[in-house]
Amino acid sequence: MIILGSGAGGGVAAYQLASRGWKVLLIERGSFVKDGHASHPISSGLDQQSYLVNGRHRKLTVGYGLGGGTEVYGAVLMRPHEVDFAPGQHYSNLFPKAEWDWPVSFAEMRPYYEQVENLFGITPFQAQNELPAGQTAPINEHLHQAWKRNHIASGILPLAIQRNSCLECEDCPGFLCPNGSRLGVRHLIERAMRSHDLEVWSGFHVLQINKNRGEALLENVRTREQKTVKASIIVVSLGAMQSPALFLRSEWEDSSGLLGRRYMYHAGGVAAGCFINQTQAGERFVKQLGTDQFYLGSPQSNNEKWGVIQSLPTPRLLPSFIRNRTYLMMATVEDIPQADNRITIDRKGNPVLHHRFHSFDLKRSKDAVRILKGLLRMGGAVGTIGLTADRNNTHIGHQVGTMCFGKNSKTSVLDPYCRPHGTERMFVLDGSFMPTSLGVGPALTIMANALRVTDWICKQYGK
Ligand SMILES: Cc1cc2nc3c(=O)[nH]c(=O)nc-3n(C[C@H](O)[C@H](O)[C@H](O)COP(=O)(O)OP(=O)(O)OC[C@H]3O[C@@H](n4cnc5c(N)ncnc54)[C@H](O)[C@@H]3O)c2cc1C
Ligand code: SF4
């Protein structure tokens with residue numbers, strides 16, 4: 001069994017398959033940085049290559065290294081809403097069913113969400129009447145109470161962070177955790193390496209795959225030496241930008257014409273509030289509070305579906321006087337799948353991004369910013385500013401789509417078990433499979449789906 005890519009999907013798949021008795025080889029282009037070896041914030045864990053985005057070279061916010069995005073992520077592992085799996089009541093007038101339909105239901109996914117939550121020691125998000133004492137920054141307690149007075153329920157985010165060792169870095173996330181308090185799939189990979197038959201090759205770039213021969217062509221990123229690896233089952237999990245690029249480089253025959261298409265990364269809105277009293281956002285970790293009150297919309301937002309709202313760290317560039325009087329919030333706005341938003345490849349086979357938000361997304365992003373500003377003012381902010389999704393096309397951490405799964409080979413690239421339609425022993429287990437972007441960060445769903453499919457692989461192939 002070969003797994004190409006060690007991020008959220010690939011890392012969980014490697015852990016699960018090795019734990020169930022498979023001999024697994026995991027290949028990753030980036031390096032393997034163990035706990036305590038990251039030098040914050042220089043060794044950032046982000047991809048340093050630039051990519052063409054709408055015709056301009058850009059550096060993108062994506063993970064690079066063993067653990068992929070989960071080495072630099074915000075560790076908010078949130079379950080989507082049931083409606084996310086059947087968003088027809090929100091999108092049926094905009095898109096045909098085939099473009100937003102999920103071939104699995106929330107009920108089928110639920111046991112796998114629970115398994116991932118158990119692995120990371122978290123419980124699902126729930127709005128709370130009172131926040132647990134001593135677990136959050138005072139500004140969050142203050143906002144929680146202010147919103148409660150206005151009938152808006154909030155709670156502590158489900159964070160895969162070990163509180164007892166966490167250093168409360170004010171700018172977390174976006175870089176490697178200096179002491180391993182932020183839990184990602186690397187921790188699962190290391191566990192499986194200690195107890196099971198899991199071998200990791202880091203520093204190898206996957207150049208091509210060949211389905212007929214069951215092979216992958218690799219290049220050592222340091223020496224440029226090439227070699228071929230072979231297995232009866234191949235799992236591809238390079239992320240929603242790199243996986244379709246690999247299939248395109250490998251001249252994959254895709255009868256749907258959708259390979260690389262329906263690229264999404266959330267049309268989020270962000271707002272900052274300026275407070276007279278200290279928020280401490282410049283000196284401690286405040287990214288702890290969230291609300292799902294507007295998840296399925298509200299009268300103020302024309303009852304249009306968005307997603308969860310949560311706090312954010314303040315940008316490092318601001319002076320600490322300002323950071324300590326600022327509080328940032330983000331609304332996750334589900335962006336809709338559009339065929340023209342896509343990944344292609346350049347002459348060298350590198351991914352190229354083409355993306356424009358739909359006017360429906362921009363409208364909801366604008367509405368979201370308005371609601372965020374209102375929430376900040378409710379908590380006492382004396383001034384607010386906001387940014388809509390179209391202001392930044394490099395922050396693509398939540399990228400999904402590009403190889404959507406579905407029952408029909410004419411309207412999807414992968415089958416419900418995430419195999420390219422018509423193939424038997426090749427699986428794509430990263431964010432590419434998602435037909436819609438959901439109202440929450442994708443990491444929990446990508447990991448739960450990897451458990452769902454690897455469970456099926458074990459049943460199908462006898463482990
Ligand atoms: C700053 C930041 C904050 C985030 N915060 C959250 C959050 O709080 N909650 C949440 O749910 N999500 C969050 N995300 C998103 C989450 O991390 C991703 O959705 C998730 O990691 C994607 O998983 P994946 O398996 O699709 O790909 P990735 O995790 O990106 O893994 C792909 C792996 O493949 C490797 N790779 C790519 N190409 C090749 C190649 N050709 N050869 C070899 N290896 C290759 C990459 O180096 C990488 O390790 C965040 C992301 C970022 C960047
Ligand atoms: S805040 Fe905690 S989890 Fe985040 S980087 Fe610092 S020590 Fe790690």
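Just so you know, ligand 1 is whichever comes first in the structure, and atom 1 is the first atom listed for that ligand.
- The shortest N/O to N/O separation between G65 and ligand 1 falls below 3.5 Å.
- Between W22 and I457 the shortest side-chain heavy-atom distance falls below 4.5 Å.
- A heavy-atom distance below 4.5 Å is found between the side chains of H421 and S412.
- Remark: minimum distance from atom 18 (C) of ligand 1 to any protein heavy atom is reached at G397 O, 3.7 Å.
- Close approach of ligand 1 to Q242 is summarised as follows: ligand atoms under 4.0 Å from at least one heavy atom of the residue are 37 (C), 38 (N).
- At under 3.5 Å, a nitrogen or oxygen of A8, whether backbone or side chain, sits near a nitrogen or oxygen of ligand 1.
- Close approach to F204 involves these atoms of ligand 1, each under 4.0 Å from a residue heavy atom: 42 (N), 43 (C).
- In terms of N/O distances under 3.5 Å, ligand 1 is not approached by G10.
- For atom 19 (O) of ligand 1, the nearest non-hydrogen atom of the protein is P442 CG, 3.1 Å.
- Between R323 and E283, none of the side-chain N atoms (NZ, or NE/NH1/NH2) sits under 4.0 Å from a carboxylate O, so this pair counts as no salt bridge.
- The CZ atom of F405 sits 5.5 Å away from the SG atom of C418 when rounded to the nearest 0.5 Å.
- Listed for the Q226 side chain is no donor-acceptor partner under 3.5 Å among the backbone atoms of E219.
- Side chains of R182 and P173 form a contact here, defined as non-hydrogen atoms less than 4.5 Å apart.
- Taking 4.0 Å as the cut-off between side-chain N and carboxylate O, E71 and R186 count as a salt-bridged pair.
- Using a 4.0 Å cut-off to heavy atoms of A443, the atoms of ligand 1 that qualify are 10 (C), 11 (O), 12 (N).
- Interatomic distance, NZ of K287 versus CG of L159, reported as 5.5 Å (0.5 Å rounding).
- Around atom 4 (Fe) of ligand 2, protein N, O or S atoms at less than 2.8 Å comprise C172 SG.
- Residue contact check: G441 has heavy atoms under 4.0 Å from atoms 10 (C), 11 (O) of ligand 1.
- Of the listed options P173, G431, G9, G431 places a heavy atom closest to atom 26 (O) of ligand 1.
- You'll find the side chain of E215 reaches within 4.5 Å of the side chain of T228, heavy atoms only.
- Within the listing of ligand 1, atoms 25 (O), 28 (P), 29 (O), 31 (O), 33 (C) sit less than 4.0 angstrom from a heavy atom of G7.
- Considering backbone and side-chain N/O atoms, G74 comes within less than 3.5 Å of an N/O atom of ligand 1.
- Among the atoms of A240, none of the N or O lies under 3.5 angstrom from an N or O of ligand 1.
- At a 3.5 angstrom cut-off on N or O pairs, G30 does not count as close to ligand 1.
- Ionic pairing of R284 and E168 is present here: one or more N-O contacts between side-chain nitrogen and carboxylate oxygen are shorter than 4.0 angstrom.
- For the pair L77 and Y113, the minimum side-chain heavy-atom distance is 4.5 Å or more.
- Ion pairing between D335 and R262 fails under the 4.0 Å rule for side-chain N and carboxylate O.
- Of the candidates H395, E28, E219, R182, it is E28 that places a heavy atom closest to atom 49 (O) of ligand 1.
- Side-chain contact check for T423 versus W252: some heavy-atom pair is nearer than 4.5 Å.
- Taking a cut-off of under 4.0 Å to the non-hydrogen atoms of F175, the atoms of ligand 2 that pass are 5 (S).
- Near N179, the atoms of ligand 2 lying under 4.0 angstrom from a non-hydrogen atom of the residue are 7 (S).
- Protein heavy atom in closest approach to atom 24 (P) of ligand 1: D430 CB, 3.7 Å.
- Ion pairing between D361 and R364 holds under the 4.0 Å rule for side-chain N and carboxylate O.
- For R29, a nitrogen or oxygen atom sits less than 3.5 Å from a nitrogen or oxygen atom of ligand 1, counting backbone and side chain alike.
- The closest side-chain heavy-atom distance from Y64 to Q48 is not below 4.5 Å.
- Nearest protein heavy-atom contact of atom 53 (C) of ligand 1 is T61 O, 3.4 Å.
- Which parts of ligand 1 touch H205 is read off a 4.0 Å heavy-atom cut-off, strictly below it: atoms 41 (N), 42 (N).
- When F175, Y64, Y73, W201 are ranked by how near their heavy atoms come to atom 3 (C) of ligand 1, first place goes to Y73.
- When the heavy atoms of N350, L238, L26, L438 are ranked by distance to atom 37 (C) of ligand 1, first place goes to L238.
- From the protein, the heavy atom lying nearest to atom 1 (C) of ligand 1 is V72 O, 3.6 Å.
- Here the straight-line distance linking atom CE of M78 with atom OG1 of T332 works out to 8.0 Å at 0.5 Å rounding.
- Remark: K23 NZ is loosely packed, at most 12 non-hydrogen atoms of other residues, nucleotides or ligands lying under 6.0 Å away.
- Residue contacts with ligand 1: G5 is placed with no nitrogen or oxygen under 3.5 Å of a nitrogen or oxygen of the ligand (distance criterion only).
- Side-chain atoms of T436 and W102 form a donor-acceptor pair, as typed in the model, at a separation below 3.5 Å.
- Interface atoms of ligand 2 facing P178, defined by a heavy-atom separation under 4.0 Å, are 5 (S).
- Remark: aromatic rings of H398 and Y265 are distant, center separation not under 6.0 Å.
- Looking from atom 30 (O) of ligand 1 to the surrounding protein, the closest heavy atom is G69 N, 3.8 Å.
- Residues D292 and F125 meet the side-chain proximity criterion, which asks for heavy atoms closer than 4.5 Å.
- Atom 9 (N) of ligand 1 has V76 O, 2.9 Å as its closest protein atom, hydrogens excluded (heavy atom only).
- Look at D390 and R356 and you find no salt bridge, because none of the NZ, NE, NH1 or NH2 atoms lies under 4.0 Å from a carboxylate O.
- The S237 neighbourhood of ligand 1 comprises atoms 32 (C), 33 (C), 34 (O), with distances under 4.0 Å to a heavy atom of that residue.
- Scanning all protein heavy atoms for the shortest distance to atom 14 (N) of ligand 1 gives H398 CD2, 3.6 Å.
- Ligand 1 has a nitrogen or oxygen under 3.5 angstrom from a nitrogen or oxygen of V206.
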